[in-house]
Amino acid sequence: MMEDLPVVTAEEWQIACETLRVREKELTRELDALAAARRRLPMLRVEKDYTFHGPEGPSSLAGLFEGRSQLIVYTFMWHGTDHYCEGCSMFTDNIGHLAHLNARDVTLALVSEGPLAEITPFRERMGWTVPWYSALGNDFNADMGAGNGFALNVFLRDGDDVYRTYTTSGRGVEMLGSNWTFLDLTPFGRQERWESSPEGRPQGEPYTWWRLHDEYETPAGR
């Protein structure tokens, strides 16, 4: 393997890195443009009533927001306790501390078609704190493009009215897992002035809102 890669001088190595960096910066700007376009996608009103079951009892889709205005839902593939999905588990392992998303008025939750009595012990075994609800008995996963697999959907709430703003699945989920990439999926984005967002969306100075996860003042919602 070592023979396949040339060994160069420090100057040559720096030039090669800087050449690659040009392409990386181009991709960064294109990702910013995609996020700006995502914030301008039309919305789809969710007309159907769904009932989810969590540790605190049954909840509507609006209840999953926990009082916040934006919601990211990841459908965790569930085929029973004989086989826990390794891919969905790896995705969940990479979710950061939720306080940072909560500070931007975003709730993130998992949804599966398995019964809560099976979901909860596995969640505890994995040491996950992300909210996880059972959608057993409703059509949510099928309606949101997950079927028997996995998908990620984003919603915006206005009172009791809920709107679907974005969806992705397959390899579209692979690049996710940091606060920044999650926020880039939401209709409000990172809420920083440098972003191109529709008029009236909340925006402030970059960096200034960042905190240690236990130092945020009362987050939006709960």
Side-chain angles (χ1 to χ4, degrees), residues 14-46 61 64-65 68-76 87-88 90-111 130 143-146 149-158 161-211 213 216 219-221:
Q14 189 64 40
I15 290 173
C17 288
E18 290 174 357
T19 299
L20 181 63
R21 190 82 67 238
V22 172
R23 295 179 60 188
E24 290 177 337
K25 291 296 185 181
E26 289 175 352
L27 178 59
T28 297
R29 287 189 286 270
E30 178 59 22
L31 290 173
D32 288 342
L34 281 171
R38 192 181 293 117
R39 289 190 289 275
R40 290 170 171 80
L41 282 173
M43 300 187 298
L44 177 65
R45 183 169 181 170
V46 180
L61 179 58
L64 268 58
F65 285 74
R68 302 182 182 93
S69 65
Q70 301 174 100
L71 171 68
I72 299 173
V73 173
Y74 178 77
T75 296
F76 193 112
C88 292
M90 186 182 298
F91 171 85
T92 307
D93 278 336
N94 281 275
I95 295 174
H97 202 291
L98 298 178
H100 305 293
L101 294 179
N102 296 164
R104 297 279 88 181
D105 200 23
V106 177
T107 298
L108 190 150
L110 306 178
V111 166
V130 58
D143 292 346
M144 299 302 153
F150 66 95
L152 184 144
N153 284 273
V154 183
F155 303 90
L156 181 67
R157 182 178 65 86
D158 182 15
D161 295 328
V162 175
Y163 302 88
R164 190 182 183 194
T165 65
Y166 179 71
T167 184
T168 190
S169 60
R171 295 199 67 190
V173 176
E174 286 184 9
M175 63 175 290
L176 304 178
S178 78
N179 295 309
W180 310 127
T181 53
F182 279 134
L183 289 173
D184 284 344
L185 300 179
T186 63
F188 292 171
R190 304 183 192 189
Q191 302 166 50
E192 296 178 347
R193 294 193 188 283
W194 65 270
E195 294 179 301
S196 174
S197 289
E199 188 71 26
R201 296 287 171 90
Q203 287 186 308
E205 296 301 325
Y207 311 115
T208 58
W209 66 273
W210 302 2
R211 303 286 188 276
H213 69 249
Y216 286 107

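- Rounded to the nearest 0.5 angstrom, Leu64 CG and Leu108 CG are separated by 10.5 Å.
- Glu195 has no carboxylate O lying under 4.0 Å from a charged side-chain N of Arg201, or vice versa, which leaves the two without a salt bridge.
- When each of Trp210, Tyr216, Trp209 is tested with His100 by the rule side-chain hydrogen bond (donor to acceptor under 3.5 Å, both in side chains), just one qualifies, namely Tyr216.
- Under a 4.0 Å N-O distance rule, the pair Asp161/Arg45 qualifies as a salt bridge.
- At a threshold of 4.5 Å between non-hydrogen side-chain atoms, the residues Asp184 and Arg38 count as touching.
- Leu98 CG to Phe182 CZ: the interatomic distance, rounded to the nearest 0.5 Å, is 9.0 Å.
- Nearest heavy-atom pair, Cys88 versus Phe150, reported as atom, atom and distance to 0.1 Å: SG-CB, 3.9 Å.
- No donor-acceptor distance shorter than 3.5 angstrom exists from the side chain of Asn94 to the backbone of Gly177, with no hydrogens or angles considered.
- Across Ile95, Thr107, Asn179, a single residue satisfies side-chain contact (heavy atoms from CB on, under 4.5 Å) together with Leu101, and that is Asn179.
- With values rounded to the nearest 0.5 angstrom, Leu152 atom CG is found 7.0 Å from Thr167 atom OG1.
- The distance from the CG atom of Leu71 to the OG1 atom of Thr186 is 11.0 Å, given to the nearest 0.5 Å.
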Open item on the list: Please determine whether side chain to side chain contact (heavy atoms under 4.5 Å, CB included) holds for the pair Thr181 and Leu185, giving the CA-CA distance in whole Å, both sets of side-chain angles, and the decisive distance to 0.1 Å.
Closed with: CA-CA 7 Å; Thr181 53; Leu185 300 179; over 6 Å; no
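- The existence of a salt bridge linking Arg21 and Glu24 is confirmed by a sub-4.0 Å separation between a basic side-chain nitrogen and an acidic carboxylate oxygen.
- Between the side chain of Gln203 and the backbone N or O of Glu192, at least one donor-acceptor pair lies under 3.5 Å.
- Interatomic distance, Tyr163 OH to Asp158 CG, rounded to the nearest 0.5 Å: 5.5 Å.
- Arg164 places a side-chain heavy atom less than 4.5 Å from the side chain of Met144.
- Closest approach of Gln191 and Arg104 over heavy atoms only: NE2-O, 2.8 Å.
- Contacts of Phe91 classified as ring pair (Phe, Tyr, Trp, His ring centres under 6.0 Å), with partners at least two apart in sequence or in another chain: Tyr74.
- Counting heavy atoms from C-beta outward, Phe188 and Leu156 have side chains that approach closer than 4.5 Å.
- Taking the side chain as every heavy atom from C-beta outward, Thr165 and Leu41 never approach each other to under 4.5 Å.
- The 12-atom threshold is exceeded at CZ of Arg40, counting heavy atoms of other residues, nucleotides or ligands nearer than 6.0 Å.
- Atom NZ of Lys25 is separated from atom CD of Glu18 by 12.0 Å, given to the nearest 0.5 angstrom.
- For Phe155, the ring pair (Phe, Tyr, Trp, His ring centres under 6.0 Å) criterion is met by no residue, not counting sequence neighbours.
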